[in-house]
Amino acid sequence: MVVFALLFGVFLVTRRDDPATFASSRTELNQTFGAVNLLVLLTSSLLVVLATQAFRRGSRAASGRLLAGAAGCGVLFLVIKAVEYAGKVHHGIDPGTNDFFMYFFILTGIHAVHVAMGIAGLIVLRHVARRDVAKPNDLRTIEIGATFWHMVDLLWVVLFPLLYLAS
Amino acid sequence: VSVLPAALRTRAAAVWAGLVLASLVSFWLGTDHGFSGADGRRAGTAIVLAIAFVKIRFIGLDFMELRHAPLALRLAFEGWCLIVGCAVVGLLLAGDPG
């Protein structure tokens, strides 16, 4: 989160040097993609919270289903992101277009990698929640994985307005 | 899923509803509907970013369960929200041509 805080700062300092390019480039983004993805990640975070609570109650099967739902939201996020990237490339926009799009692809790309790692983590958590023989540290494992997923969600909560709305 | 009706009555579900509502308001404000003119747009974007850091605080406190975490951990998180939030809004306003 410290690294992302620095990236937010670097992006804004660069923007200060060339606000016109950043403002015009922002209008090239499809804000609906970013907003829908925000709602998708917020919903996935709620499912992870409910999965953790269900696991604590001993409802392991329900916990597993909720974690699968959260992972599904993560996949949906990446599909929307891929469609968005493809559209940009189709219109001749890539990280070399200008500073705004360089930061756009770097910031959203690093975030997308975290989403992919989070999905893998959620799949592991689903296995942990549903396995026949419970282990003493299962709850701790699920809590750690859940916290990572919330961090992925939290970063998009800043990236969306920073890139799509504010520049 | 059989757990859903009970789940919808949890604090987490209420926080999620608040986060979604705040997101929709931010989207409306940030897509040029909320304020007009250069000053209005500056104010709108600053408010949208400030709302984002308030949302983050609730994700930390209620989803990451920091509300009941040791004080040092909670303070570190809330300090991050406050410092990074103020820095982002400050840099945003400093970088606006208006």
Side-chain angles (χ1 to χ4, degrees), chain A residues 1-2 4-6 8-20 22-23 27 31-32 34-36 38-39 41-43 45-54 57 59 61-63 65-66 69 143 146-151 153-162 164-167, chain B residues 1-4 6-8 10-13 15-20 22-24 26-32 41-42 44-60 62-66 76-77 80-81 83-85 87-98:
Chain A
M1 283 175 65
V2 171
F4 269 96
L6 292 172
F8 300 155
V10 169
F11 172 81
L12 285 167
V13 168
T14 311
R15 168 180 175 272
R16 191 176 55 187
D17 294 336
D18 191 4
F22 276 56
T27 61
Q31 294 164 326
T32 306
V36 169
L38 177 59
L39 299 182
L41 280 192
L42 287 174
T43 302
S45 257
L46 174 64
L47 294 177
V48 168
V49 171
L50 297 176
T52 308
Q53 292 174 352
R57 285 197 310 273
S59 307
S63 179
R65 282 197 296 273
L66 289 161
E143 286 175 344
T147 302
F148 179 82
W149 188 256
H150 296 315
M151 186 199 71
D153 173 26
L154 171 160
L155 291 170
W156 191 253
V157 167
V158 178
L159 285 175
F160 166 62
L162 192 66
Y164 291 76
L165 301 181
S167 290
Chain B
V1 181
S2 60
V3 297
L4 273 186
L8 291 177
T10 60
R11 179 182 175 87
V15 169
W16 173 83
L19 291 170
V20 169
S23 300
L24 295 175
S26 296
F27 185 62
W28 184 76
L29 280 176
T31 45
D32 303 331
R41 172 134 194 93
R42 287 181 74 189
T45 53
I47 291 168
V48 165
L49 260 304
I51 289 174
F53 282 90
V54 173
K55 285 160 67 181
I56 281 183
R57 181 172 177 268
F58 278 95
I59 291 173
D62 293 301
F63 287 3
M64 293 175 161
E65 303 182 345
L66 288 169
F77 178 78
W80 186 93
C81 292
I83 293 168
V84 179
V88 164
V89 172
L91 282 170
L92 189 76
L93 290 174
D96 266 322

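Below, chains carry the letters A, B, ... as their sequence lines are ordered, and counting in each starts from 1. These numbers come from a predicted model, not from an experiment.
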Exam field: side chain Ser63(A) to backbone Ser59(A), donor-acceptor pair closer than 3.5 Å |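 Such a contact is absent between Ser63(A) side chain and Ser59(A) backbone.
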Answer yes or no: is there a donor N or O on one side and an acceptor on the other, between the side chain of Trp80(B) and the main chain of Met1(A), under 3.5 Å?
->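 Side chain of Trp80(B) to backbone of Met1(A): a pair is present.
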Measure Leu38(A) against the heavy atoms of chain B and call it side chain, backbone, both or neither at under 4.5 Å.
->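 Answer is side chain: those atoms of Leu38(A) sit under 4.5 Å from chain B.
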For Val157(A), is it the side chain, the backbone, both or neither that has a heavy atom under 4.5 Å from a heavy atom of chain B?
->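 The answer is both parts of Val157(A).
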Gly30(B) to Gln31(A) - nearest heavy-atom pair and separation = O-NE2, 4.1 Å
With respect to chain A, which residue among Val15(B), Val48(B), Leu24(B), Leu49(B) yields the maximal number of heavy-atom pairs within a distance under 4.5 Å?
-> Leu49(B)
Chain A: which of Val20(B), Ile56(B), Leu66(B) shares the most heavy-atom pairs with it under 4.5 Å?
-> Ile56(B)
Would Phe8(A) and Leu91(B) satisfy side-chain contact (heavy atoms from CB on, under 4.5 Å), going step by step from the backbone distance to the final call?
-> CA-CA 10 Å; Phe8(A) 300 155; Leu91(B) 282 170; over 6 Å; no
Heavy-atom distances under 4.5 Å only: say whether [X] touches chain A with side chain, backbone, both or neither.
{"X": "Phe77(B)", "answer": "side chain"}
{"X": "Val84(B)", "answer": "side chain"}
{"X": "Leu19(B)", "answer": "both"}

Rounded to the nearest 0.5 Å, how far does CG of Leu39(A) lie from OG1 of Thr43(A)?
->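 Between Thr43(A) OG1 and Leu39(A) CG, I get 6.5 Å after rounding to 0.5 Å.
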About how many Å separate CG of Leu42(A) and CH2 of Trp16(B), when rounded to the nearest 0.5 Å?
->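 Rounded to the nearest 0.5 Å, the CH2-CG separation comes out at 8.5 Å.
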